[in-house]
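Comments concern the structure below.
Excluded from the calculations below are hydrogen atoms, water molecules and symmetry mates; all remaining heavy atoms, backbone and side chain alike, are included.
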Amino acid sequence: MLSSTLTNLAVALFTLTTQARPTTPSHNALSTATNTTNSTIGPENGHLVIVGGNLQSASIYEKIITLAGGPNASIVVIPTAGGDPSYDQNFPATVTLRELGATNVTVLHTYDPAVADTDEFIAPLNSASGIFFGGGRQWRLVDAYAGTKTEKAFQGVLDRGGVISGSSAGASIMGSFLARGDTQNNQIMIGDHTVGFGYLKNAAIDQHVLVRNRHFDLFDILKANPGLLGVGIDEDTALVVQGNDVEVIGRTYALFYDRGFWSREELSELKNLPEPEARFYFLKPGDRYDLAKRKVVESASAAGVSKDEL
Ligand SMILES: *[C@@H]1O[C@H](CO)[C@@H](O)[C@H](O)[C@H]1NC(C)=O
Ligand SMILES: *[C@@H]1O[C@H](CO)[C@@H](O)[C@H](O)[C@H]1NC(C)=O
Ligand SMILES: *[C@@H]1O[C@H](CO)[C@@H](O)[C@H](O)[C@H]1NC(C)=O
Ligand SMILES: CC(=O)N[C@H]1CO[C@H](CO)[C@@H](O)[C@@H]1O
């Protein structure tokens with residue numbers, strides 16, 4: 001009698017629960033990314049170095065120079081996101097690259113897509129093995145270069161095994177979805193420009209994330225585009241991408257928004273995690289991430305917390 005009442009109660013509760021959550025069958029799974037999405041993938045050839053703004057560390061610049069092929073590699077710097085009336089060959093990132101040993105650094109700039117669509121303009125890109133996009137507003141890069149020979153020549157650098165790098169706006173432009181692409185206001189996450197150059201496919205990239213407390217902002221994009229991977233990068237911190245492998249380098253942390261969760265310590269039922277669609281987690285320099293699996297790559301750096309740190 002009692003047991004059949006309990007059974008009925010259990011069935012009633014089960015029914016209630018399943019009715020209340022018709023679309024989230026595994027709402028308490030800790031580490032499963034939902035698989036209703038396309039994979040996020042990096043470039044087939046070459047590398048990306050995606051910097052979250054305020055680039056200071058020589059080690060990040062040096063990584064860019066090395067991946068371009070060393071000091072004599074031709075590196076083209078694109079300052080266009082900055083919005084200044086004009087640029088000369090002494091744009092700050094250019095000066096720093098030269099100070100760190102790069103011997104052949106060229107500034108290339110136009111706001112005019114008709115100019116960007118000429119063979120003359122793209123000539124330096126044809127023999128370049130590195131590109132660096134400076135900061136500013138990412139939509140300016142779209143207005144100047146999207147759909148032109150220049151955009152194709154950027155891709156050509158990657159296809160030949162070179163490196164595309166960039167900081168702040170120069171980071172966001174690398175996503176297929178252009179985060180903060182609005183021409184009026186940089187707080188609008190889904191603006192009047194939403195298509196980036198897409199070196200990282202099925203992804204949206206935000207920057208300055210911890211310094212500016214932007215860690216909830218990517219959810220505007222991810223709610224409307226649940227198939228995307230969200231990536232948030234803090235200042236003076238970078239993702240180095242080769243194929244689907246990502247390594248965090250630099251000074252602080254990168255945030256991953258994949259509906260999963262990961263921790264250096266053993267996951268416990270005591271953790272009070274939000275629903276999968278409201279989650280993110282942090283990786284530090286040395287940690288690696290697999291874009292195709294949307295999972296952290298376990299490694300020495302990502303190993304568990306040792307007993308004396310408990
Ligand atoms: C760079 O070029 C200079 C002059 O052409 C040459 O002397 C030097 O050995 C080259 N350096 C490297 C690392 O290839
Ligand atoms: C420097 O790079 C440009 C292309 O960006 C190339 O045309 C030129 O030959 C390079 N100069 C040297 C000295 O390697
Ligand atoms: C997957 O990719 C296809 C083709 O690029 C696209 O049409 C579709 O919207 C994508 N689906 C998701 C869930 O992102
Ligand atoms: C529909 C869909 O995107 N399915 C993917 C699920 O995940 C596997 C492994 O990552 C992919 O190969 C499928 O394409």
Residues K271 and E266 bridged, charged N to O under 4.0 Å: no
Common cluster, I60/I205, ILVMFWY with side-chain heavy-atom separation under 4.5 Å: no
Heavy-atom side-chain contact between V107 and D88 under 4.5 Å: no
Verdict with reasoning, Y289 to F256, per ring pair (Phe, Tyr, Trp, His ring centres under 6.0 Å): CA-CA 9 Å; Y289 188 83; F256 288 79; 4.2 Å; yes
Sub-4.5 Å side-chain heavy-atom contact between R98 and N90: yes
Any F132 side-chain heavy atom under 4.5 Å of S167 side chain: yes
Whether S57 side chain and S59 backbone form a donor-acceptor pair below 3.5 Å: no
Heavy-atom side-chain proximity of I131 to I164 below 4.5 angstrom: yes
Pair Q184, W139: side-chain N/O donor-acceptor within cut-off below 3.5 Å: no
Full working for side-chain contact (heavy atoms from CB on, under 4.5 Å) between D234 and H208: CA-CA 5 Å; D234 193 30; H208 302 278; 5.7 Å; no
Residues H193 and T183: side-chain donor-acceptor under 3.5 angstrom: no
N/O donor-acceptor pair under 3.5 Å between R214 side chain and V209 backbone: no
Cluster overlap L273 with L267, hydrophobic side-chain contacts below 4.5 Å: yes
Non-hydrogen side-chain atoms of P43 and L48 separated by less than 4.5 Å: yes
Spacing of L255 atom CG and T237 atom OG1 [to the nearest 0.5 Å]: 10.0 Å
Heavy-atom pair of closest approach, residues I65 and P71: CG2-N, 4.0 Å
Aromatic plane relationship, F216 with F280 - under 30° parallel, 30 to 60° tilted, over 60° perpendicular: perpendicular
Partner set under salt bridge (charged side-chain N to carboxylate O under 4.0 Å, His left out) for R251, not counting sequence neighbours: D236
Distance (rounded to the nearest 0.5 Å) between D258 CG and L228 CG: 12.5 Å
Non-hydrogen atoms of A153 and I122 that approach each other most closely: CB-CB, 4.2 Å
Donor-acceptor contact below 3.5 Å, side chain S129 vs main chain G162: no
Side chain T118, main chain V115, donor-acceptor under 3.5 Å: yes
Between T80 and Y111, a side-chain donor and acceptor under 3.5 Å: no
Check: R180/Q207 side-chain N/O donor and acceptor closer than 3.5 Å: no
Joint cluster assignment, I75 & F197, ILVMFWY side-chain distance < 4.5 Å: no
Distance-minimising heavy-atom pair for Y253 and K284: CE2-CB, 3.6 Å
Shortest non-hydrogen separation from S172 to A179 and the atoms involved: CB-O, 4.2 Å
Rounded distance (nearest 0.5 Å) linking atom OG1 of T66 with atom CG of L100: 10.5 Å
Donor-acceptor side-chain pairing of T148 and D117 below 3.5 angstrom: no
S127 and S74 side chains, donor-acceptor separation under 3.5 Å: no
Pairwise side-chain contact, R279 with Y257, heavy-atom cut-off 4.5 Å (strictly under): no
Intermediate values then yes/no, side-chain hydrogen bond (donor to acceptor under 3.5 Å, both in side chains), N72 and T103: CA-CA 5 Å; N72 289 349; T103 60; 3.1 Å; yes
Close aromatic pair by centroid cut-off 6.0 Å: F133 and F154: yes
side-chain contact (heavy atoms from CB on, under 4.5 Å) between F121 and Y145, intermediate numbers included: CA-CA 11 Å; F121 184 78; Y145 303 122; 3.9 Å; yes
Steps toward side-chain contact (heavy atoms from CB on, under 4.5 Å) verdict (I41, L291): CA-CA 6 Å; I41 44 174; L291 292 170; 5.8 Å; no
Same cluster (ILVMFWY, side-chain, under 4.5 Å), I249 and L283: no
D206 side chain reached by I233 side chain, heavy atoms, under 4.5 Å: no
Ion pair R264/D287, N-O distance below 4.0 Å: yes
Test item: S176 side-chain N/O and K201 main-chain N/O as donor-acceptor pair under 3.5 Å: no
Derivation and outcome, side-chain contact (heavy atoms from CB on, under 4.5 Å), residues K63 and V240: CA-CA 9 Å; K63 188 78 179 178; V240 179; 4.1 Å; yes
R259 side chain to P226 backbone, donor-acceptor under 3.5 Å: yes
Shortest non-hydrogen contact from A128 toward V157: O-CG2, 3.9 Å
Distance (rounded to the nearest 0.5 Å) between N186 CG and Q138 CD: 8.0 Å
N/O donor-acceptor pair under 3.5 Å between D182 side chain and I188 backbone: no
4.5 Å side-chain heavy-atom contact, V231 and L239: yes
Value rounded to 0.5 Å, distance of CD in E235 from CG in N54: 4.5 Å
Co-membership, hydrophobic cluster, residues V51 and V163, 4.5 Å side-chain: yes
A114 to D112 - nearest heavy-atom pair and separation: N-OD1, 2.8 Å
Spacing of CE belonging to M174 relative to CG belonging to L178, to within rounding of 0.5 Å: 12.0 Å
